[in-house]
Protein chains: 2
Amino acid sequence: MKLSTRGRYGVRLMFDLALHYGNGPIYLKDIAERQGISAKYLWQLINPLKSTGLINSTRGAHGGYVLGKEPERISLKEILQVLEGSLCLVDCVDSPSLCERSPSCISREIWGEASKGMQQMLENTTLATMVLRQQEKLQNEAGK
Amino acid sequence: MKLSTRGRYGVRLMFDLALHYGNGPIYLKDIAERQGISAKYLWQLINPLKSTGLINSTRGAHGGYVLGKEPERISLKEILQVLEGSLCLVDCVDSPSLCERSPSCISREIWGEASKGMQQMLENTTLATMVLRQQEKLQNEAGK
DNA sequence: CTTATCTCTACTGTTTTGGTAGAGATTATA
DNA sequence: TATAATCTCTACCAAAACAGTAGAGATAAG
């Protein structure tokens with residue numbers, strides 16, 4: 001029932017890129033330092049994110065990473081699906097064939113409905129949402 | 001992000017008890033057979049469920065288990081909390097002290113909100129709800 | 001050509017998960 | 001009172017997932 005570090009760190013990685021969106025390629029090393037996560041470990045998340053187009057990279061010196069599209073168009077659901085797989089509480093919701101009981105299984109229906117509650121929230125939240133909320137938070141702090 | 005077998009089997013165990021609510025103690029062996037789960041494994045779930053009052057037991061011959069209260073008053077959220085622990089996507093939502101970033105962490109806020117979407121669904125669903133839906137399902141089948 | 005970066009393969013230790021074994025305690029009933 | 005059926009408890013185990021590390025190679029800017 002818990003999100004693994006893959007999902008959590010991945011969102012923070014993408015969020016960091018969103019905060020620096022438009023500033024050219026960002027070094028993984030810098031992200032790692034800002035977020036307090038090992039760069040080696042973060043790199044493992046890059047591959048799947050690249051292959052689904054959520055991230056683009058530039059190699060060589062002065063290389064780095066940028067978002068594959070605007071922050072407004074990247075939802076947390078997308079990110080998590082890439083890093084954690086299907087966002088269902090149980091696998092049989094998306095793949096009924098996993099269990100012969102599926103057609104008549106009430107539990108399965110319930111798991112599906114509960115998963116949806118969470119998924120809709122994550123689908124409606126984009127990186128841009130997070131950036132905005134971060135800015136609001138900083139302003140509130142400053143206004144004290 | 002997945003529910004473990006503890007949670008899934010536990011709900012099926014409780015659901016089975018709900019289906020036979022009012023018929024006196026139910027043998028664990030019978031539940032195990034009906035649900036296709038090892039009785040030994042199911043037993044591991046009994047302890048926590050008993051200690052939180054969701055189940056009562058009778059020892060000795062003709063012993064067995066009954067629900068600790070009416071099916072209407074047992075929500076899936078209760079069952080899952082006992083078997084899976086806190087129903088949050090990440091631990092820092094319920095225990096901010098786990099991470100020094102908590103006070104300013106936007107991710108954490110998002111995880112909290114997404115968790116809530118799921119939790120409300122699970123809180124509003126009781127064992128009685130499941131029994132009802134099961135009956136409806138059977139009637140629809142029969143009516144075809 | 002050197003330096004900073006990304007890319008890739010492989011490995012490893014720890015924790016969680018899912019499950020089993022077997023002995024002991026309790027009670028209905030014959 | 002014997003016995004059979006059931007719950008109770010401790011301990012153990014194998015496999016998978018998780019979190020992280022090491023080190024060498026490819027690429028491009030200056």
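- Set against dT10(D), dA4(C), dA25(C), the side chain of Arg59(B) has dA25(C) as its closest nucleotide.
- The shortest distance between the side-chain N/O atoms of Asn47(A) and the OP1/OP2 oxygens of dC8(C) is below 4.0 Å.
- Side-chain contact between Arg133(B) and Met130(B) is absent, with no heavy-atom pair separated by less than 4.5 Å.
- Close to dT6(D), at under 4.0 Å from its OP1 or OP2, lies no side-chain N or O of Thr58(B).
- One interatomic measurement links the two molecules: CD of Glu33(A) to C1' of dT5(C), which rounds to 14 Å at whole-angstrom precision.
- Taken from CG in Leu17(B) to CG in Leu49(B), the straight-line distance is 9.0 Å, to the nearest 0.5 Å.
- Panel note: side chain Thr126(A), backbone Ser75(A); no donor-acceptor pair is recorded below 3.5 Å.
- Side-chain contact check for Ile55(B) versus Met14(B): some heavy-atom pair is nearer than 4.5 Å.
- The stretch residues 18-31 of chain A touches DNA chain C through Ile26(A), Tyr27(A), Leu28(A), Lys29(A), each having a heavy atom within less than 4.0 Å of the strand.
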So which protein nitrogen or oxygen atoms get under 3.5 Å of nucleotides 11-15 of chain D's nitrogens or oxygens?
none

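- One can place CE of Met1(A) at 17 Å from C1' of dA17(D), the figure rounded to the nearest angstrom.
- Interface residues of residues 81-100 of chain A facing DNA chain D, ordered by number: none; criterion, heavy-atom separation under 4.0 Å.
- At whole-Å resolution of the value, CG in Leu45(A) and P in dC8(C) are 15 Å apart.
- Map Thr5(B) and His62(A) each onto its nearest nucleotide of DNA chain C; the residue landing nearer the 5' end is His62(A).
- Contact check on Glu78(B) versus Arg73(B) returns no salt bridge, with no Lys/Arg side-chain nitrogen under 4.0 Å from an Asp/Glu carboxylate oxygen.
- When only modelled atom types and interatomic distance are considered, Lys50(A) and Ser57(A) share a side-chain donor-acceptor pair under 3.5 Å.
- For the pair Arg6(A) CZ and dT15(C) P, the computed distance is 21 Å after rounding to whole Å.
- Heavy atoms of Lys50(A) sit under 4.0 angstrom from primed sugar atoms or phosphate atoms, though from no base atom.
- Atom pair Lys2(B):NZ and dA17(D):C1' shows a separation of 14 Å (rounding to whole Å applied).
- When the P atom of dC7(D) is taken as reference, atom CG of Leu42(B) falls 11 Å away, rounded to whole Å.
- Judged by distance alone with a 3.5 Å cut-off, a donor-acceptor contact links the side chain of Lys40(B) to the base of dG22(C).
- The side chain of Ser57(A) places an N or O atom within less than 4.0 Å of a non-bridging phosphate oxygen (OP1 or OP2) of dT7(C).
- Of the inter-residue distances, the one linking Gln119(B) atom CD with Leu89(B) atom CG reads 8.5 Å to the nearest 0.5 angstrom.
- When rounded to the nearest whole Å, the span between CH2 of Trp43(B) and C1' of dA23(C) equals 13 Å.
- The side chain of Tyr9(A) contributes no N or O atom lying less than 4.0 Å from OP1 or OP2 of dC18(D).
- For the pair Leu13(B) and Tyr9(B), the minimum side-chain heavy-atom distance is 4.5 Å or more.
- As rounded to whole Å, 20 Å separates atom P of dG22(C) from atom OH of Tyr41(B).
- The side chain of Ile46(A) sits closest to dT7(C) out of dA29(D), dT7(C), dC7(D).
- Under a 4.0 Å N-O distance rule, the pair Lys116(B)/Glu123(B) does not qualify as a salt bridge.
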Hey, mind stepping through Ser4(A) and Glu84(A) against side-chain hydrogen bond (donor to acceptor under 3.5 Å, both in side chains) and telling me if it holds?
CA-CA 8 Å; Ser4(A) 74; Glu84(A) 299 261 355; 3.0 Å; yes
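- Hydrophobic clustering places Phe15(B) together with Leu45(B) (ILVMFWY residues linked when any side-chain heavy atoms are closer than 4.5 Å, directly or through intermediates).
- Residue Leu42(A) is not grouped with residue Val66(A) when hydrophobic side chains (ILVMFWY) are merged at heavy-atom distances under 4.5 angstrom, including chains of intermediate members.
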